[in-house]
Asker: 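Quick one: the structure is below, and I'll ask about it shortly.
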Amino acid sequence: MTAFEHFYEFFVPDHYQLFFDIDRAKKEITGKTTITGTAKQADIAIHQKDLTIASVEVNNLAATYTVDDEKEAIRISLPEAGEVTITIAYKTKLTDTMMGIYPSYYEVDGVKKQLIGTQFETNSARQAFPCVDEPEAKATFAVSIRYDEHEGETILANMPETKCVDGVHYFDTTVKMSTYLVAFGFGELQGKTATTKSGVKVGVFGTYAHAAKELDFGLDIATRAIEFYEDFFQTPYPLPHSWQLGLPDFSAGAMENWGLITYREAYLLLDPDNTSLTTKRAVATVIAHEVAHQWFGDLVTMKWWDDLWLNESFANMMEYVCVDAIEPDLHVWESFQTKDVPAALHRDATDGVQSVHVAVEDPAEVDSLFDAAIVYAKGARMLVMVRALIGDDALRQGLKAYFAKHQYGNATGADLWTALGDASGIDVGAVMHSWLEQPGYPVVKASVQNEELILTQNQFFIGEGSDQQRIWQIPLASNAKDVPELMTERTLSLGNYAELRAKAGEPFRLNVGNNSHFIVQYDNTLLADILSQVSDYDALTQLQLLQDLQLLASGRYVSYATLVPLLFQFADSTHAIVNQALYNIADEFDLFVEPNTEEEANLKQYYHKLSHKNYTRLGCAPKDADTHDDQLSRPLVIQAALYGGNKDAITEAHDLFTAHKDAIIDLPAAVRAAILLNEVREYGSEALFESFLQAYRRSSDANFKQNLQVAMTQSKEPVILEAIVAKFKEADTIKPQDLRGWFYGVLANPLGEQLAWDWIRTNWQWLLDTVGGDMSFTSYIQMIARVFRTSERLAEYKAFFEPKLNTPGLTREITMGINVITSRVSLITAEKEAVNKSIAREI
């Protein structure tokens, strides 16, 4: 057999009868799985992982089988090929890895409780029951569950419960779907329900650790999202219900199980009386993302994991399309431009990055595909580009045809491009091939040469890069008439610049609307023209200009020193997205200063000057008259003012804290993180730390807990940082799902960097055992690379990680981490002196 077998090639399941008997006290599962299907040969294999097989029967007769743990398989010998019924009895354990069937732990009024949930993507269904655990192996599932049930508990699954007999809960048979979408959960749950216009029952469920009102926002968004998608896709939601379940322990953000979507509580439940606009955006878009998957991913599923982007990129785009339509006051496209776009552009500029579409076979490598900046953010940007190219009418027509042709089946990227191409009359596949199959993206250099305007495309790199002479089909989206829609060659002449400029009546620009995945380097003539009118541009254009300049500086196409004075042209902006881009660049200047030096003092004074006018306008406390932009700008401005030593900001933040010291959770959520951070930095003590830690332990509000975590990890007291690191393995305090944030907070604190680095090197195996199955596990490697900036740290990083280069799923991340740190060290060496001189001139 081949090194990586696709079991579906030899056995095609049609229907599963799944029975689970779950004993929470013993953490034991006794299971029985009956599969009917078609064997294409006499020797077949069924996936299993960590299952203790008791018996295997074929057509009610004992069968010959072997367990192949290395390949995670049960190999079964059949009398002959053809229709067959296989029954497998087994035992396994509840896991504590947040994969398979696992308990979530929480407290209500000091009483410890459990909620059982599931997480099967990508290939963890085999940990729960024997199956052909491949996305193409779609089948129907009839689930029945018995558990050590007590009064007041609720059980949920993909389909409605049909009956309960002798303690066994039976659920209706599912539609045809992939194994990784099977889901159930049970425990003491509260819920609220609604019904869509088309009759779909929608529910939001959570533990009693939360107030009932925290379910309302999610229920409203989920209900209206289903209604929106039914209209936009022109395809009905195919199940009787859509349950949304918040799990106290959850490795990812959410999971699109068909009919029972599971969430990290932070992305489903929120306090409607004290939640920031940013959090509302996050919750709404995550819900809309998962609901989009009910069609794109569940109804039509990628054929194999190499087309994972088909699921994620599309859902990532649609979350913004949906929320913008049903909740326009959230202005979510701004979030796309300030979060997804820069994440994709920075990640995609590092040599060694994966392309959106990646060939993969080894199941151990599958989780490495879930690169949020590429498969989610860049992929979404590709689809935004397609949407801009073909328009919404063609998009909807194409999707309707795509769903009709492939529903309850599987598809590839080519199938989607065919449907959209047929609807639009554009060869979408030809345009998208260069973007999805190639890593990276181009920088388009626009320059005036001998009075002629010339465009040239080359791959953009931050740090060293291997130039493969790649060429992209670039939607130019120029503001000048007669510029071609697509740039398909290395170089393009646009004719006489003076004539073009006179005809346009405004400075020449490309990528208007910032929908295309490239950046622009204007020569001095063109850039000066743009900057001379920058105050007249809309907020998105200003944001785009700043984002492109930051990337060009990171890639050393321009100097960071030139950006120091430039930021003052934008410093008084009332637009939140401009302030976001402004402070993203200013934060980079910290790379060039050492703690407790004159250079750091200068940088703080620079921040004070940069933020002073906007802080005076906005202040610390939210106001009734705040605009949308004011709400989003204030936290950015407060943070800058506090770092800059603004005495008014420090005092006002402290006064606000003092006014809420008996219930700091009631601090205005939008500014709470900044207020708590100020208290730790300016008035920190061990007593304050202990009070924050107790508040963290007691609270079930995920956003409040994150605010506390950010504040505590920025302590200036080494003894406090040591106390935090000592709790990294204390799950009753820091849940494994939240450890990433705590680790990064200490690592990014100059006083804690060594502590965190020593901890992860000492406890790597524990971390691997605890959260190694998490598809976000490699983010630990990313976080370290994001912080390190000296040649000494680079050497230590290599010494620790290079021996792990051949570990499946880690290779790319380690290689890219080395590239990221190397380029940063080089950048700092080259520009430190010039940047610090530029800052000194501006204060």
Side-chain angles (χ1 to χ4, degrees), residues 16 18 20 95 98-104 115-129 131 133-135 137-145 154-161 169 171-187 189 191 200-206 218 222 225-226 229 237-265 267-268 286-302 305 308 311-312 314-315 319 367 370 408 773-775:
Y16 288 81
L18 304 179
F20 302 96
T95 77
M98 295 180 286
M99 305 301 290
I101 305 172
Y102 70 93
S104 286
L115 177 64
I116 301 298
T118 60
Q119 173 61 31
F120 294 160
E121 191 182 27
T122 51
N123 46 36
S124 290
R126 67 190 68 176
Q127 289 182 235
F129 59 95
C131 56
D133 200 12
E134 298 168 4
K138 286 191 166 185
T140 56
F141 299 82
V143 178
S144 56
I145 302 169
T154 299
I155 185 166
L156 306 169
N158 303 90
M159 297 294 285
E161 185 174 346
H169 298 265
F171 297 89
D172 206 352
T173 301
T174 70
V175 295
K176 196 174 181 183
M177 66 185 199
S178 302
T179 50
Y180 75 89
L181 297 173
V182 175
F184 57 84
F186 57 83
L189 293 169
V200 177
K201 197 168 185 180
V202 184
V204 172
F205 299 86
I226 290 173
Y229 288 132
Y237 178 81
L239 304 182
H241 70 226
S242 176
W243 299 150
Q244 330 293 313
L245 172 61
L247 294 173
D249 290 289
F250 198 75
S251 64
M255 175 60 208
E256 67 266 22
N257 312 301
W258 214 356
L260 177 59
I261 303 171
T262 47
Y263 298 81
R264 183 179 289 229
E265 290 176 325
Y267 295 117
L268 179 65
V286 169
I287 293 171
H289 179 106
E290 302 307 327
V291 173
H293 272 313
Q294 307 300 288
W295 285 264
F296 218 95
D298 296 1
L299 180 64
V300 181
T301 310
M302 75 247 149
W305 294 107
L308 170 71
N311 286 14
E312 300 303 344
F314 190 86
E319 71 186 61
D367 283 347
F370 284 81
Y408 305 110
D774 181 348
M775 60 187 67

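No hydrogens, no waters, no symmetry mates; every other heavy atom, side chains included, goes into these values. Numbers for residues simply follow the sequence, beginning at 1. Given the structure is predicted, the values throughout are model-derived calculations rather than measurements.
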Asker: List the steps and the verdict of side-chain contact (heavy atoms from CB on, under 4.5 Å) for Phe171 and Ile145.
Answerer: CA-CA 9 Å; Phe171 297 89; Ile145 302 169; 4.2 Å; yes
Asker: Kindly indicate whether the side chain of Pro135, heavy atoms from C-beta on, has any atom under 4.5 Å from the side chain of Trp305.
Answerer: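 Pro135 vs Trp305: side chains touch.
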Asker: If I compare all heavy atoms of His169 with all of Ile155, which pair ends up nearest, and what's the gap?
Answerer: ND1-CG2, 3.5 Å
Asker: Enter the distance from Phe186:CZ to Leu115:CG here, rounded to the nearest 0.5 Å.
Answerer: 8.5 Å
Asker: What pair of heavy atoms forms the shortest contact from Gly218 to Val204, and how long is it?
Answerer: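 Heavy atoms of Gly218 and Val204 come nearest at C-CG2, 3.8 Å.
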Asker: Do Thr118 and Val182 come within less than 4.5 Å of each other through their side chains, counting heavy atoms only?
Answerer: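 They are not in contact (no side-chain heavy atoms under 4.5 Å apart), so the answer is no.
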Asker: For the atom pair CD (Glu290) and OG (Ser242), what is the distance rounded to the nearest 0.5 Å?
Answerer: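 Those atoms lie 10.5 Å apart.
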Asker: To the nearest 0.5 Å, what is the distance between CG (Leu247) and CZ (Arg264)?
Answerer: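 Leu247 atom CG to Arg264 atom CZ measures 11.0 Å (nearest 0.5 Å).
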Asker: Does Tyr229 use its side chain to pair, donor to acceptor, with the backbone of His293 at less than 3.5 Å?
Answerer: no
Asker: Only counting residues at least two apart or in another chain, list the ones meeting side chain to side chain contact (heavy atoms under 4.5 Å, CB included) with His241.
Answerer: Pro160, Lys201, Trp243
Asker: Does Leu239 form a side-chain contact (heavy atoms from CB on, under 4.5 Å) with Val200? I'd like the steps, not just the answer.
Answerer: CA-CA 7 Å; Leu239 304 182; Val200 177; over 6 Å; no
Asker: Would you call the rings of Phe129 and Tyr16 parallel, tilted or perpendicular, taking 30° and 60° as the class edges?
Answerer: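 Taking Tyr16 first and then Phe129, their aromatic rings stand perpendicular (interplane angle over 60°).
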Asker: How far apart are the closest heavy atoms of Asp172 and Met159, and which atoms are they?
Answerer: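 Closest heavy-atom pair between Asp172 and Met159: O-CB, 3.3 Å.
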Asker: Can you tell me if Glu256 and His289 form a side-chain donor-acceptor pair at under 3.5 Å?
Answerer: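 The criterion, which ignores hydrogens and geometry beyond distance, is not satisfied for His289 and Glu256.
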Asker: Enter the distance from Leu156:CG to Leu189:CG here, rounded to the nearest 0.5 Å.
Answerer: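 The distance works out to 6.0 Å.
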Asker: Who pairs with Ser251 by side-chain hydrogen bond (donor to acceptor under 3.5 Å, both in side chains), at least two apart in sequence or on another chain?
Answerer: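 Partners of Ser251 by the side-chain hydrogen bond (donor to acceptor under 3.5 Å, both in side chains) criterion come out as none, since no residue qualifies.
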Asker: Checking Phe314 now: which residues fulfil ring pair (Phe, Tyr, Trp, His ring centres under 6.0 Å) with it, not counting sequence neighbours?
Answerer: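 Phe314: ring pair (Phe, Tyr, Trp, His ring centres under 6.0 Å) contacts with Phe296.
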Asker: Under 4.5 Å between any side-chain heavy atoms of Thr179 and Phe120, yes or no?
Answerer: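 A side-chain contact under 4.5 Å is absent here.
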Asker: Examine distances only and state if a side-chain atom of Thr140 and a backbone atom of Thr173 form a donor-acceptor pair shorter than 3.5 Å.
Answerer: no
Asker: For the residue pair Ala139 and Thr174, what are the closest heavy atoms and their distance?
Answerer: O-OG1, 4.4 Å
Asker: Go through the structure and list residues passing side-chain hydrogen bond (donor to acceptor under 3.5 Å, both in side chains) with Tyr180, not counting sequence neighbours.
Answerer: Asn311
Asker: Please name all residues satisfying salt bridge (charged side-chain N to carboxylate O under 4.0 Å, His left out) with Asp249, sequence neighbours left out, ordered by chain then number.
Answerer: Lys735
Asker: Looking at Met99 and Glu121, what are the two nearest heavy atoms and their distance?
Answerer: CE-O, 3.5 Å
Asker: May I have the step-by-step check of side-chain contact (heavy atoms from CB on, under 4.5 Å) for Val202 and Gln244, ending in yes or no?
Answerer: CA-CA 8 Å; Val202 184; Gln244 330 293 313; 4.2 Å; yes
Asker: Got a sec, which residues hit side-chain hydrogen bond (donor to acceptor under 3.5 Å, both in side chains) with Gln294, two or more places apart in sequence or on another chain?
Answerer: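 Asp298.
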Asker: Under the 3.5 angstrom rule, does the side chain of Arg126 hit a backbone N or O of Cys131 as a donor-acceptor pair?
Answerer: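 It does not hold such a pair.
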Asker: Under a plain distance cut-off of 3.5 Å, with no hydrogens placed, do Gln119 and Tyr102 share a side-chain donor-acceptor pair?
Answerer: no
Asker: Looking at Ala183, is its backbone amide N or carbonyl O close enough to the side chain of Asn158 to form a donor-acceptor pair, meaning the two atoms are under 3.5 Å apart?
Answerer: yes
Asker: Taking side chain as C-beta onward, heavy atoms only, is Leu181 less than 4.5 Å from Met255?
Answerer: yes
Asker: I'd like to check Tyr263 versus Ile287 (side-chain heavy atoms, cut-off strictly below 4.5 Å). Are they in contact?
Answerer: yes
Asker: With a 4.5 Å cut-off on side-chain heavy atoms, are Leu245 and Asn257 touching?
Answerer: no
Asker: Compare every heavy atom of Leu260 with every heavy atom of Gly185, then report the nearest pair and how far apart it is.
Answerer: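 Where Gly185 meets Leu260 most closely, the heavy atoms are N-CD2, 4.1 Å.
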Asker: Does the side chain of Leu299 come within less than 4.5 Å of Trp258's, by heavy atoms?
Answerer: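 A side-chain contact under 4.5 Å exists here.
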Asker: Are Phe184 and Phe20 an aromatic pair by the rule of ring centers under 6.0 Å?
Answerer: yes
